[in-house]
Amino acid sequence: MKPPAIPPRLNKKQVTAYLAPEDHASFTDFIHRKGMTCQEGVARAINAALEQHGRSERLPEGHLRLVRRNTGLARPRPAGAARSRQGRILVGGWYAVECVDAVSAALASLGLGMQGAIGLGLAALVGEAAMKRQGLCCTIQSIGVTMPL
């Protein structure tokens, strides 16, 4: 009998951001050019924002996946979605709880949330002209729990 598998998201938190369609297009173009997954791209954006502010905390950029999946392009939410997310496209990834907590504390000391950090980092990575930063919504999820930042 096989031993039970350890859930891959055990002891991890999800970091998500909602991007406008044009910002999502810039993001997906960037990660495809670099050969990264969405999770790696989000980590790189947050790390770029922290680097701009001289902080040493980082999210791991590697992603251990044997087969890279591509399920197609994300689509904007329907018109009945919450106003803060209407027309926005979700990006995110799962990271070790300790890393997310350390990065969250560093961002809080700078007066930034994850959403703001992802926006700043993407602007730094793909260029200011390609990213139009807007007031957006971000959540960190631990399995079964959603907390706004």
Side-chain angles (χ1 to χ4, degrees), residues 5-77 81-82 84-85 87-149:
I6 298 173
R9 295 179 181 165
L10 186 67
N11 299 323
K12 293 191 177 185
K13 282 187 180 178
Q14 185 179 32
V15 176
T16 60
Y18 291 91
L19 303 178
E22 59 273 8
D23 296 341
H24 184 263
S26 297
F27 176 72
T28 55
D29 179 55
F30 172 76
I31 63 173
H32 287 138
R33 278 188 290 114
K34 300 289 185 179
M36 293 189 280
T37 63
C38 182
Q39 178 169 323
E40 291 167 323
V42 168
R44 185 165 293 180
I46 291 170
N47 293 343
L50 287 166
E51 189 175 303
Q52 284 180 342
H53 289 88
R55 300 301 299 243
S56 61
E57 295 84 354
R58 297 286 184 267
L59 285 178
E61 292 182 17
H63 188 71
L64 302 174
R65 179 181 288 160
L66 296 176
V67 177
R68 198 167 285 235
R69 293 180 289 175
N70 186 0
T71 57
L73 296 176
R75 290 171 181 51
R77 291 176 176 251
S84 63
R85 298 177 186 170
R88 310 244 177 236
I89 302 169
L90 179 69
V91 296
W94 289 84
Y95 307 93
V97 171
E98 312 80 44
C99 294
V100 174
D101 290 345
V103 165
S104 294
L107 292 173
S109 73
L110 298 170
L112 287 172
M114 287 290 182
Q115 182 73 43
I118 291 170
L120 282 174
L122 286 177
L125 293 173
V126 302
E128 291 289 337
M131 295 293 297
K132 297 178 202 163
R133 289 200 48 240
Q134 302 168 8
L136 304 171
C137 174
C138 180
T139 61
I140 288 185
Q141 295 178 344
S142 181
I143 299 175
V145 179
T146 302
M147 303 173 295
L149 281 181

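Bear in mind the structure is a predicted one, so any value in this text is a computation, not a measurement. All values below come from the heavy atoms of this structure, side chains included, with hydrogens, waters and symmetry mates left out.
Side-chain contact check for His24 versus Arg88: every heavy-atom pair is 4.5 Å or farther apart. Side-chain contact between Val91 and Thr16: absent, with no pair of heavy atoms (C-beta onward) separated by less than 4.5 Å. The shortest distance between side-chain heavy atoms of Leu59 and Val100 falls below 4.5 Å. At least one side-chain heavy atom of Val42 sits under 4.5 Å from a side-chain heavy atom of Phe27. For the pair Leu122/Leu19, a side-chain contact is recorded, criterion being any heavy-atom separation below 4.5 Å from C-beta on.
Met114 and Leu107 get closest at one heavy-atom pair: SD-CD1, 3.7 Å. Of all the heavy atoms in Ala124 and Gln52, the pair that sits closest is CB-NE2, 3.1 Å. Here the closest non-hydrogen pair linking Ala117 and Ala49 is O-CB, 3.3 Å. When all heavy atoms of Pro60 and Cys99 are compared, the pair lying nearest together is CD-SG, 3.9 Å. Summarising the geometry of Ile89 relative to Pro21, their closest heavy-atom pair is CD1-CA, 4.0 Å, with the distance given to 0.1 Å. Heavy atoms only, all atoms of each residue included: Ala17 and Ile118 are closest at CB-CD1, 3.5 Å.
Rounding to the nearest 0.5 Å places CG of Leu10 at 10.5 Å from CH2 of Trp94. Going from atom CD1 of Ile46 over to atom CD of Glu51 covers 14.0 Å, rounded to the nearest 0.5 Å. Here the straight-line distance linking atom NZ of Lys34 with atom CD of Glu40 works out to 12.5 Å at 0.5 Å rounding.
Between the side chain of Tyr95 and the backbone N or O of Gln39 there is at least one donor-acceptor pair closer than 3.5 Å.
Evaluation of the side-chain contact (heavy atoms from CB on, under 4.5 Å) rule for Ala106 yields Leu50, Arg55, Glu57 as partners, not counting sequence neighbours.
Only one option out of Leu125, Ile31, Val126 pairs with Ser26 in a side-chain contact (heavy atoms from CB on, under 4.5 Å); it is Val126.
Pairs of residues two or more places apart, or lying in two chains, that qualify as salt bridge (charged side-chain N to carboxylate O under 4.0 Å, His left out) and include a residue from residues 93-109 are Lys13-Asp101.
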